[in-house]
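Everything below concerns the one structure shown next.
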Amino acid sequence: QNLLAATDEMLKAKFREMFGDCDDGAGYPIRRIGDFAELVTKGTTPTSVGFQFEQSGVRFVKAENITDEGEFLVSQMMHISFECHDKLKRSQVQVGDFLFTIAGVIGRVAVVPESVLPANTNQAICILRSRDMPELNKDFFKIILRSEYVRSQCEGKQKQTAQANISLTDVNNLLIPFPPINLQREFVAIANAAEASKAELKKSIASIDAVMKGLING
């Protein structure tokens, strides 16, 4: 676990080395998400519009169905009917959408793959649909959304009610740096290599745990 944490810290250090704190003084253009996103929206609870959850049908993604690493816990997802899905048009997700959790747990990010569809979501998840822009690498955008830079902005906007949350207006106002595209691609390659190393470390840790349990239970 210490090695995994060390890998994360090394990646954060590399980010700071390449981009500084990404504030206005870093020399890169800074833009609001609302100025370049094609869509910023969220869903609702099916029961609030007269529908119930179903045993099968359209997947219904909640914040707890997305891990800190951006993976989907498909087996734990609930379902809604296709009729309900059609009713909840604004929160129908598409391939490539960024899902950003905004209530309960704030700041988890996942990109929607074909395998999850059809799917819908509730008010705890913001759907970000970005335009195709040559000046922003989408993998870099995902990294920025998960970064300390965005997390600190969210903490400043966070409202403490029954559960912590931020609004769609807050998401629209999140600031995103636009370093040169070649630097974005370079950091994405570094981040991908780090994630691959973490995956191998996790496999090794799991193997060691299995061996140790076997010895103990011998």
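Side chains are part of it too, since the values below use all heavy atoms of this structure and drop only hydrogens, waters and symmetry mates.
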Q: For the pair Asn173 (side chain) and Thr169 (backbone), establish whether a donor and an acceptor sit closer than 3.5 Å, ignoring hydrogens and angles.
A: yes
Q | Nearest heavy-atom neighbours spanning Cys126 and Val171 | A | SG-CG1, 3.9 Å
Q | Rounded distance [0.5 Å steps], CZ in Arg16 versus OH in Tyr149 | A | 15.0 Å
Q | Verdict with reasoning, Asp97 to Arg129, per side-chain contact (heavy atoms from CB on, under 4.5 Å) | A | CA-CA 5 Å; Asp97 282 349; Arg129 193 168 297 153; 2.7 Å; yes
Q: Return yes if some donor-acceptor pair links the side-chain N/O of Thr101 with the main-chain N/O of Ala63 below 3.5 Å, else return no.
A: no
Q | Test item: Ile33 and Phe100 side chains (from C-beta on) under 4.5 Å apart, heavy atoms | A | no
Q: Examine Val95 and Val109 and state if one hydrophobic cluster contains both, with Ile, Leu, Val, Met, Phe, Trp and Tyr joined whenever side-chain heavy atoms are less than 4.5 Å apart.
A: no
(Q) Tell me the closest heavy-atom pair linking Cys154 and Ile106, and the distance in Å. (A) CB-CG2, 4.1 Å
Q) Should Val116 and Phe82 be counted in the same cluster of Ile, Leu, Val, Met, Phe, Trp and Tyr side chains packed under 4.5 Å apart? A) no
(Q) Donor-acceptor check, side chain of Thr45 to backbone of Thr47, threshold 3.5 angstrom: yes or no? (A) no
Q) When rounded to the nearest 0.5 angstrom, what distance separates CZ in Arg108 from CD1 in Ile66? A) 8.0 Å
Q) Do any N or O atoms from the side chain of Gln184 and from the backbone of Phe140 form a donor-acceptor pair under 3.5 angstrom? A) no
Q: Determine the minimum heavy-atom distance between Asp170 and Lys157, stating which atoms define it.
A: CB-CD, 3.5 Å
Q | Heavy-atom side-chain contact between Gln76 and Glu64 under 4.5 Å | A | no
(Q) I want to check something: taking the side chain as every heavy atom from C-beta on, are Glu186 and Asn182 in contact at a cut-off of under 4.5 Å? (A) no
Q: Spell out, yes or no, whether Leu183 and Ile181 are grouped together once hydrophobic residues are joined by side-chain heavy atoms under 4.5 Å, including indirect joins.
A: no
Q) Pick from Thr44, Asn122, Asn120: which one makes a side-chain contact (heavy atoms from CB on, under 4.5 Å) with Ser91? A) Asn120
(Q) Applying a strict under-4.5 Å side-chain criterion to I, L, V, M, F, W and Y, I'd like to know whether Val105 and Leu174 cluster together. (A) no
Q: Return the minimal non-hydrogen interatomic distance between Lys42 and Gln123, and the atom names on each side.
A: CD-O, 3.7 Å
(Q) To the nearest 0.5 Å, what is the distance between NE2 on His79 and CD on Glu54? (A) 10.5 Å
Q: Walk me through it: do Asp132 and Lys138 pass the test salt bridge (Lys or Arg N to Asp or Glu O under 4.0 Å)?
A: CA-CA 8 Å; Asp132 288 327; Lys138 290 195 174 183; 3.1 Å; yes
Q | Validation row: Val74, Met77 side chains within 4.5 angstrom (heavy atoms) | A | yes
Q | Reported CD-to-CD distance for the pair Gln153 and Glu148, which is rounded to 0.5 angstrom | A | 12.0 Å
Q. Counting only N and O atoms by type, is there a donor-acceptor contact under 3.5 Å from the side chain of Arg32 to the main-chain atoms of Leu175?
A. no
Q: Please work out whether the ring planes of Phe53 and Phe60 are parallel, tilted or perpendicular, with thresholds of 30° and 60°.
A: perpendicular
(Q) Measuring from atom CD1 of Ile144 to atom CZ of Phe19, what distance do you get when rounded to the nearest 0.5 angstrom? (A) 7.0 Å
Q | Sidechain-backbone polar pair: Ser81 side chain, Cys84 backbone, donor-acceptor under 3.5 Å | A | yes
Q) Would you say Phe178 and Met133 make side-chain contact, with heavy atoms under 4.5 Å? A) yes
Q. Looking only at atom types and distance, does a side-chain atom of Asp86 sit under 3.5 Å from a main-chain N or O of Glu83, one as donor and one as acceptor?
A. no
Q) So do the side chains of Met10 and Lys14 get within less than 4.5 Å of each other, counting heavy atoms only? A) no
Q | Gap separating the CD1 atom of Ile80 from the CZ atom of Phe51, nearest 0.5 angstrom | A | 8.5 Å
(Q) Can you give me the closest heavy-atom contact between Ile125 and Val61, atom names plus distance? (A) CD1-O, 3.6 Å
**Q.** side-chain contact (heavy atoms from CB on, under 4.5 Å), paired with Val112, selected from Thr121, Ile127, Leu117
**A.** Leu117
Q.
Are Leu73 and Leu99 connected into the same hydrophobic cluster when the rule is that any two of I, L, V, M, F, W, Y join if their side-chain heavy atoms are below 4.5 Å apart?
A. no
Q. Does Ser130 reach the side chain of Leu128, with side-chain heavy atoms less than 4.5 Å apart?
A. no
Q. Which atom pair, heavy atoms only, marks the closest approach of Pro179 to Tyr28?
A. CA-CD2, 3.6 Å
Q. Does the side chain of Ile190 come within less than 4.5 Å of Met18's, by heavy atoms?
A. yes
Q) Between Arg146 and Asp68, is there a donor-acceptor pair closer than 3.5 Å when you use the side chain of the first and the backbone of the second? A) yes
